[in-house]
Colleague: 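Have a look at this one.
Count residues from 1 along the sequence. These numbers were taken from a predicted model, which means no experiment stands behind them.
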Amino acid sequence: MNDRLDGWAAANRPSGRAWEISTAQTQSIPASTTQGVPTRPAPYRTGQETSTPAPAPAPTPAPAPTVRRRAPKEPLSRRRRIVRLAIVAVSALLLASGSAYVWADTQLNREVDLGRSPDRPPAGKGTNYLIVGSDSRDGLSERARKNLRTGSAEGRRTDSMMVLHTGSGGTTMLSLPRDSWVTIPGFVRPETGRRYNPSRNKLNAAYSMGGADLLVAAIERNTGLRIDHYAEIGFSGFVDVVDAVGGVRMCVDRNIKDPKSGLDLQKGCHTLDGAKALAFVRQRKQEANGDLGRTRNQQKFLAALADKAATPGVLANPFAAFPTVRAGLDTLIVDKDMGLPDLMSLFDAVKGVTSGNGEQLNVPVSNPNLRTSKGSAVQWNVAQARRLFDQLRNDQPVTPAPPTP
């Protein structure tokens, strides 16, 4: 029995290959876990399989850059907006003012050489400006000459002359009547080359014969004051400046009607335009003191003009001031050493006299109607005039002379 069984076992034993297959199939049969969920058992390993390398891990992407976002701006307060606008406005004004300043300085007509005269008095203390209003018709059309009643005379003559002194002793505006009887220094007439000896004549004759150079020489010789700067303006420039500032307010204490100048004013206050202002400073026939009365009107008007031109509405706004500056420069003649700062100092000094910080005087006179070979002239009071000139030369406070009878 045992032999039979052994024979059967030997006859029916599977081969080694069959055993492997059978075993592999058996190993792949799912097994039940304790929870009853079938799982796939690990495959049977014979040890002869070729191992496959594990794939390389995917590269980790770089983190995205952090973007910082600004917080929304808070709206500007009303005060901050006003401050910013003010800064912008001031910057614009400074730029415009600087440009206008440079332009004006280049437009100055520097044609008077004060150093040409060889016999000048020594320099004194303070600064002396000679301000001249001429009757030059340059820049006026025939129609304008007719309307302004300037006449048709050619050349240039002086209508007004003032010495403006500034210094530590105060500011003094001294008028010199154009008919003053003085000594004209010797000179050579440029257009003919003829030499003239010193002679007695009216002061404005010096300007007619030898221009600004001879006028300065005559004033220096008769006053002993050294003129440091010269400024002259003609009819056209005067009219344009007055119109550019919008007219000048003047008050008169009586009715004035002068057929020669065309002035017709009623007693009271008036705003004079350029044409009426020119007539006002030129007329003298209606003045009790003739040429002396006219010089007082000229001082009064010049002070009012300086005050009007210096108002905030003109000076603070370069766009408003530009027409005034340009109008004045059109016919303004100055000396070769005059710069715009010097011209501004002159302007400030005139304005100071306007506000009461200075004296407005006429040269002391002994005879306003002196009979001469050149017609009626104004004779200075020599003693009082010399004292006044000495005070100015030494930059001392002036002592006004008694009024002319």
Colleague: Could you tell me whether a side-chain N or O of Glu111 sits under 3.5 Å from a main-chain N or O of Ile333, the two making a donor and an acceptor?
Modeller: no
Colleague: Let me confirm one number: the CG-CH2 distance from Asn201 to Trp181, rounded to the nearest 0.5 Å.
Modeller: 5.5 Å
Colleague: Applying side chain to side chain contact (heavy atoms under 4.5 Å, CB included), run through Leu278 and Leu272 and close with a yes or a no.
Modeller: CA-CA 9 Å; Leu278 181 61; Leu272 305 182; over 6 Å; no
Colleague: Which atoms form the tightest heavy-atom contact between Lys267 and Asn255, and what is the distance?
Modeller: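 Shortest heavy-atom contact: N-OD1, 2.7 Å.
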Colleague: Are any non-hydrogen side-chain atoms of Leu176 and Trp380 less than 4.5 angstrom apart?
Modeller: yes
Colleague: Between Ala212 and Tyr230, which heavy-atom pair has the shortest distance, and what is it?
Modeller: CB-OH, 3.4 Å
Colleague: Any side-chain to backbone donor/acceptor pair from Asp264 onto Lys257? Under 3.5 Å, distance only.
Modeller: no
Colleague: Output, in order, the C-alpha distance, side-chain angles, deciding distance and verdict of side chain to side chain contact (heavy atoms under 4.5 Å, CB included) for Leu114 and Asp337.
Modeller: CA-CA 9 Å; Leu114 296 178; Asp337 296 327; over 6 Å; no
Colleague: State the CG-NZ distance between Asp179 and Lys202, to the nearest 0.5 angstrom.
Modeller: 4.5 Å
Colleague: Check whether any side-chain heavy atom of His229 sits under 4.5 Å from a side-chain heavy atom of Leu346, and report yes or no.
Modeller: no
Colleague: Roughly how far, to the nearest 0.5 Å, is the OH atom of Tyr129 from the CG atom of Asp335?
Modeller: 10.0 Å
Colleague: I need the Arg393 CZ to Leu388 CG distance, nearest 0.5 Å.
Modeller: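 Rounded to the nearest 0.5 Å, the CZ-CG separation comes out at 10.5 Å.
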Colleague: Asp243 and Gly274: which non-hydrogen atoms are nearest, and at how many Å?
Modeller: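 Taking Asp243 first and Gly274 second, the nearest heavy atoms are OD1-N, 2.7 Å.
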Colleague: Determine the minimum heavy-atom distance between Val363 and Pro177, stating which atoms define it.
Modeller: CG1-CD, 3.5 Å
Colleague: Out of Asn128, Thr172, Thr171, which residue meets the side chain to side chain donor-acceptor pair (under 3.5 Å) rule with His165?
Modeller: Asn128
Colleague: Hey, does the side chain of Arg194 reach the backbone of Arg189 with a donor-acceptor pair shorter than 3.5 angstrom?
Modeller: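 Absent.
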Colleague: Let's go through Asp213 and Val112 carefully: what are the C-alpha distance in whole Å and the side-chain angles of both, what is the deciding distance for side chain to side chain contact (heavy atoms under 4.5 Å, CB included) to 0.1 Å, and is it a yes or a no?
Modeller: CA-CA 7 Å; Asp213 294 335; Val112 178; 3.7 Å; yes
Colleague: Side-chain contact test, heavy atoms from C-beta onward, threshold under 4.5 Å: evaluate it for Leu343 versus Leu332 and give yes or no.
Modeller: yes
Colleague: Which heavy atom of Cys269 sits nearest to which heavy atom of Arg249, and what is that distance?
Modeller: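 Nearest pair, atom of Cys269 first, then Arg249: CB-NH2, 3.3 Å.
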Colleague: Determine whether Asp273 and Val239 make a side-chain contact, defined as any pair of heavy atoms from C-beta on separated by less than 4.5 Å.
Modeller: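 Contact flag for Asp273/Val239 side chains = no.
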Colleague: Can you check whether Gln396's main-chain N or O pairs, donor with acceptor, with Lys125's side chain at less than 3.5 Å?
Modeller: no
Colleague: Please evaluate residues Asn222 and Phe389 with respect to the criterion side chain to side chain contact (heavy atoms under 4.5 Å, CB included), reporting the C-alpha separation (whole Å), side-chain torsions for both, the decisive distance (0.1 Å), and the verdict.
Modeller: CA-CA 10 Å; Asn222 289 274; Phe389 299 148; over 6 Å; no
Colleague: Taking atom NZ as the centre, does Lys374 end up with more than 12 heavy-atom neighbours from other residues, nucleotides or ligands that are less than 6.0 angstrom away?
Modeller: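 It does not: Lys374 NZ has 12 such atoms or fewer within range.
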Colleague: Quick one: does any side-chain atom of Ser180 pair with a main-chain N or O of Val182 as donor and acceptor, under 3.5 Å?
Modeller: no
Colleague: Taking atom CZ of Phe280 and atom CG of Leu265, what is their separation to the nearest 0.5 Å?
Modeller: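 That separation rounds to 7.5 Å.
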Colleague: Is the backbone of Val248 close enough, under 3.5 Å, to the side chain of Thr271 for a donor and an acceptor to pair up by distance?
Modeller: no
Colleague: Starting at CZ of Phe187, measure out to CG of Asn197 and round the result to the nearest 0.5 Å.
Modeller: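 Phe187 CZ to Asn197 CG: 10.0 Å, rounded to 0.5 Å.
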Colleague: Going through the checks in order, is the side-chain hydrogen bond (donor to acceptor under 3.5 Å, both in side chains) test met by Asp395 and Ser168?
Modeller: CA-CA 7 Å; Asp395 195 23; Ser168 59; 2.9 Å; yes
Colleague: Are His270 and Met250 packed together at the side-chain level, in the sense that at least one heavy-atom pair is separated by less than 4.5 angstrom?
Modeller: no
Colleague: Check whether Arg178 reaches the backbone of Met161 with its side chain - one donor and one acceptor, N or O, closer than 3.5 Å.
Modeller: no
Colleague: Between Leu130 and Ile227, what is the shortest heavy-atom contact and its length?
Modeller: CB-CG2, 3.8 Å
